[in-house]
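Quick notes on the structure that follows.
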Number of protein chains: 2
Amino acid sequence: MRYTIGKISQKTGLTTHTLRYYEKEGLLPFVQKNSAGIRVFSENDLGWLSMIECLKATGMPLKGIKQYIDWYQEGDTTLSKRLNMFQNQKIYLKQQIKELQKHLEKIDYKINLYQEAVKQGSLEKAENNKELQKEKHRLFNMKKIQK
Amino acid sequence: MRYTIGKISQKTGLTTHTLRYYEKEGLLPFVQKNSAGIRVFSENDLGWLSMIECLKATGMPLKGIKQYIDWYQEGDTTLSKRLNMFQNQKIYLKQQIKELQKHLEKIDYKINLYQEAVKQGSLEKAENNKELQKEKHRLFNMKKIQK
DNA sequence: ACTTGACTTAGAGTCAACTCTAAAAATTAT
DNA sequence: ATAATTTTTAGAGTTGACTCTAAGTCAAGT
């Protein structure tokens with residue numbers, strides 16, 4: 001199946017502007033153009049966009065994604081570079097998830113605190129709750145600064 | 001304990017420039033200044049910076065963080081707004097974590113694929129592996145575009 | 001007292017990633 | 001056939017979050 005840029009925009013949620021921008025940045029080197037100069041996207045291009053989304057969402061800048069695509073185009077001589085890139089991205093991603101889970105605990109604490117505060121009509125009163133104090137200490141206990 | 005901007009910079013990893021920028025943006029309304037105009041940070045300010053980091057890391061723009069701080073300063077009349085904000089942030093964060101875990105699966109697939117490709121010296125050969133094909137289908141199986 | 005380093009301000013500059021504009025050509029709908 | 005919509009390009013503009021500069025003040029060490 002072949003798709004116009006508008007269809008791909010609907011499908012991916014990226015604007016047509018963004019898709020052209022990605023192409024200009026070298027992220028979509030496989031997209032064909034017909035005789036009138038109009039882009040014709042294939043299933044394969046959708047696959048690339050899915051991979052781009054994955055790398056972008058996991059914190060890789062567009063330049064890094066372009067590097068990967070450049071390596072892909074160089075062929076099998078860059079296989080280990082690409083493997084290495086994915087392995088690093090995995091390490092980074094696992095770290096990210098771990099951090100977000102810690103942040104989730106902090107936000108849960110705040111929700112508990114504010115639920116109590118709404119109930120009592122006062123943040124100060126809620127902060128006097130022993131259970132919440134213990135939780136706060138556990139979560140926000142920052143190491144002291146040394147001279 | 002009282003700290004200068006430099007100490008806080010060391011402690012938080014934010015540059016002094018960034019700390020002043022945050023203050024200018026209204027994110028640190030509690031930071032005091034001494035008679036010479038020099039910022040004096042307290043433990044309480046570190047607590048605020050920790051919360052700012054949490055909200056920033058979970059995708060809230062600085063404007064949203066400022067809104068929260070403005071509400072805080074308005075006092076107990078905004079308790080439910082703040083509770084609501086944290087509840088929304090939690091929903092958003094859980095969604096984020098779920099998405100990152102999906103991305104992790106995709107990256108794991110790519111690692112398996114490239115490990116096989118490196119072993120075989122060819123990406124094409126690796127792509128012919130039945131197990132990997134099944135996995136690819138499971139992970140990248142995109143819905144068709146409808147007319 | 002002098003030097004070195006940290007602090008102050010207002011404001012300019014940078015960077016990544018879009019986002020939009022304008023004018024023209026192609027495609028689709030009536 | 002005509003109108004409306006979509007696509008094309010090059011290039012300019014925007015946004016968010018810093019990041020840096022310059023010119024000056026303050027503080028600590030010798």
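In what follows, chains are A, B, ... by sequence order, proteins preceding strands, each numbered from 1.
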### Nucleotide nearest A:K56 (side chain, heavy atoms from C-beta), chosen from D:dC18, D:dT8, C:dC18
C:dC18
### Task
Please name all residues satisfying salt bridge (Lys or Arg N to Asp or Glu O under 4.0 Å) with A:E131, sequence neighbours left out, ordered by chain then number.
A:K134
### Message
What is the distance, to the nearest angstrom, from the CG atom on B:L19 to the P atom on C:dA6?
### Response
15 Å
### Message
Rounding to an integer number of Å, can you tell me how far B:I5 CD1 sits from C:dC7 P?
### Response
7 Å
### Closest nucleotide among C:dT19, C:dC7, D:dA17 to the B:R20 side chain
C:dC7
### Task
Can you run down the salt bridge (Lys or Arg N to Asp or Glu O under 4.0 Å) pairs that involve residues 79-91 of chain B, sequence neighbours left out, and say none if there aren't any?
A:D108-B:K90
### Query
Atom OH of B:Y21 and atom P of C:dA12: how far apart are they, to the nearest Å?
16 Å
Please tabulate, for the side chains in residues 28-37 of chain A, all donor-acceptor contacts under 3.5 angstrom to protein atoms that are two or more places apart in sequence or on a different chain.
{"residue": "A:Q32", "atom": "NE2", "partner": "A:F30", "partner atom": "O", "Å": "3.3"}
{"residue": "A:N34", "atom": "OD1", "partner": "A:A36", "partner atom": "N", "Å": "2.9"}
{"residue": "A:N34", "atom": "OD1", "partner": "A:G37", "partner atom": "N", "Å": "3.2"}
{"residue": "A:N34", "atom": "OD1", "partner": "A:I38", "partner atom": "N", "Å": "3.0"}

Donor-acceptor contacts under 3.5 Å from residues 95-102 of chain A side chains, at least two apart:
{"residue": "A:Q95", "atom": "NE2", "partner": "A:E99", "partner atom": "OE2", "Å": "3.0"}
{"residue": "A:Q96", "atom": "NE2", "partner": "A:T58", "partner atom": "O", "Å": "2.9"}

### Query
Over how many whole Å does the gap from A:L14 atom CG to C:dC20 atom P extend?
14 Å
#### Entry: Gap between atoms NZ and P, on B:K7 and D:dA27 respectively (whole Å)
17 Å
### Message
Checking B:E74 now: which residues fulfil salt bridge (Lys or Arg N to Asp or Glu O under 4.0 Å) with it, not counting sequence neighbours?
### Response
none
#### Entry: Interface with DNA chain D, restricted to residues 22-42 of chain A and to heavy atoms under 4.0 Å
A:K33, A:G37, A:I38, A:R39
### Message
Once you apply a heavy-atom cut-off of 4.0 Å, does A:T15 come out as touching a base, just sugar-phosphate, or nothing?
### Response
nothing
### Task
Find the distance A:Q10:CD to D:dT7:C1' and express it as a whole number of Å.
14 Å
### Query
Going by the angle between their ring planes, with limits at 30° and 60°, are B:W48 and B:Y72 parallel, tilted or perpendicular?
perpendicular
### Summary
Among the nucleotides C:dA16, C:dA17, D:dC18, whichever has the atom closest to the side chain of B:L62 is D:dC18
### Any B:T18 side-chain N or O less than 4.0 Å from OP1/OP2 of D:dC18
no
### Task
Report the distance from atom NZ of A:K66 to atom P of C:dA17, rounded to the nearest whole Å.
14 Å
### Query
So how far is it from A:Q133 CD to A:N128 CG, rounded to the nearest 0.5 Å?
6.0 Å
### Message
Rounding to an integer number of Å, can you tell me how far A:Y3 OH sits from D:dT6 P?
### Response
19 Å
### Summary
Comparing B:P61 with B:H17, nearest DNA chain D nucleotide closer to 5' gives the residue B:P61
